[in-house]
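I have placed the structure first, in the form of structure tokens, so that the comments after it can refer back to it.
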Amino acid sequence: MLKLNINYLKGSLTEDEIAYKKAAAMTAEQLLTSKTGPGNDFLGWVDLPVNYDEAEFDRIKKAAAKISSHSEVLIVVGIGGSYLGARAVIELLKSPLYNNLPKKTPEIYYLGNGLNPTALNEVLQILGDRDFSVNIISKSGTTTEPALAFRILREKLEQKYGTDGMKDRIFATTDAKKGTLKELSDAEGYETFVVPDDIGGRYSVLTAVGLLPIACAGCDIDKLMAGAKAAMEDTSKPYEQNDCYKYAALRNIFYSKGKSVELMVSYDPAYAMMSEWFKQLYGESEGKDSKGLFPASVTFSTDLHSLGQFVQDGSKIIFETVIDIKKPKSDCFLKDDPKNLDGLNFLTGQNMSDVNRKAFLGTILAHTEGGVPNIVLEMDTVDEENVGYLIYFFEKACAISGYMLGVNPFDQPGVESYKKNMFALLGKPGYENLKKELETKIS
Ligand code: PA5
């Protein structure tokens, strides 16, 4: 369902180099499967496709049906790993224009993923007086961005539905036992879903974190999990037949050859949020100890008219990973125009997907000629199975790649630095000394 194509790497590396990386990949695999590597208490995602809470899975489907039955709008509140995966899957499977297209499921908006008041007010304006529900997602239950948005939404829910009515419209996805959100939900009687202890935010899309919003959008979560299960099987194969390990190895090879940026490329704007999810997964997993590839992304052909110049001719710090979706969800046939005033009749009789494909081929040839290596990952089509497969493939490749790099792929110590400063500057109790110190530095 996701197949590695290395044909466009000729000239940038040899197949022998990939073979030489087998030992390193196997060492990484051993750390992962024996659960002896750094971060080994966050490996719950590894067998999640065959080992998940089926009772909760059913509750997710029921909650999604309930939300669809009584809400025109669902607001998903969360940040980072507590929101990116759901949004990525919904936009890829449905559309980035999901909210504007005809459908039987609720519109979905995302809040609590930043602190900009205008962005929040605009969603509230779009919501208007319509019936809505809220899915608040926070593993720690204390993250400022979602907690703030949730406070505002609770007030709105209370005004509209009263204290009892609002309970029917709040769905909290959080830790099974601890944290402010868990305590609040238990005290107020909200339905709760679990972020398992052993699954970190960025690896959590196939838990209730992602599955509830995804099910609300009308996607088939059974098929999504089936795709992930297929990937779990395929990515356990020996190195020679394991595209996931080879992809991790290729990243490692390019890193050691001086590339510092992996550019995720797609030719489908519906993939853009999936690239955002990918960037968090790889950026947060590998960017530490002064190491790691910087994950970036583009949508072509759109960005060929902006960043394309840099990719082709700029600093040689980039390699590309191109998602090649073989069959788009829909197509557009180009008819003959007898006047041909626009000179486009040479395209007559083709589908627009053929034109997009020629752009893909033309670009890949130009970029590889220009010294920018292109890894290609081929995906048959966009459906739940393929997307579930892709998610698991990237998760496992990330873990293997992180261990090959020699970092803990499951922590994120660097994320705390801005939080400490922000809390101090906001006057949060306990941060008084840091506040004084920081204020002397602000001009
Ligand atoms: O991947 C991660 O761990 C982070 O992106 C978290 O998901 C993000 O910071 C949100 O944390 P929480 O779910 O605790 O609110």
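Each ligand, and each atom within it, is numbered from 1 in the order the structure gives.
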Distance-only donor-acceptor pairs under 3.5 Å for side chains of residues 26-39, two or more places apart:
{"residue": "T27", "atom": "OG1", "partner": "A23", "partner atom": "O", "Å": "2.9"}
{"residue": "E29", "atom": "OE2", "partner": "Y245", "partner atom": "OH", "Å": "2.8"}
{"residue": "T33", "atom": "OG1", "partner": "E29", "partner atom": "O", "Å": "2.9"}
{"residue": "S34", "atom": "OG", "partner": "Q30", "partner atom": "O", "Å": "2.5"}
{"residue": "S34", "atom": "OG", "partner": "T36", "partner atom": "OG1", "Å": "2.7"}

Which atom pairs, donor and acceptor, lie under 3.5 Å between side-chain atoms of residues 436-443 and protein residues at least two apart or in another chain?
{"residue": "E439", "atom": "OE2", "partner": "K435", "partner atom": "NZ", "Å": "3.0"}
{"residue": "T440", "atom": "OG1", "partner": "E437", "partner atom": "O", "Å": "2.6"}

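Between Y247 and F394, the ring planes lie perpendicular to each other; the angle is over 60°, past the 30° to 60° tilted range.
Residues of the protein with a heavy atom under 4.0 Å from ligand 1 are I79, G80, G81, S82, S138, K139, S140, T143, G201, R202, Q280, E284, Q412, listed by chain and number.
With rounding to the nearest 0.5 angstrom, the CH2 atom of W45 is 11.0 Å from the CG atom of L206.
No donor-acceptor pair closer than 3.5 Å links the side chain of D131 to the backbone N or O of E72.
Identified under the ring pair (Phe, Tyr, Trp, His ring centres under 6.0 Å) test for residues 121-173, with sequence neighbours left out: none.
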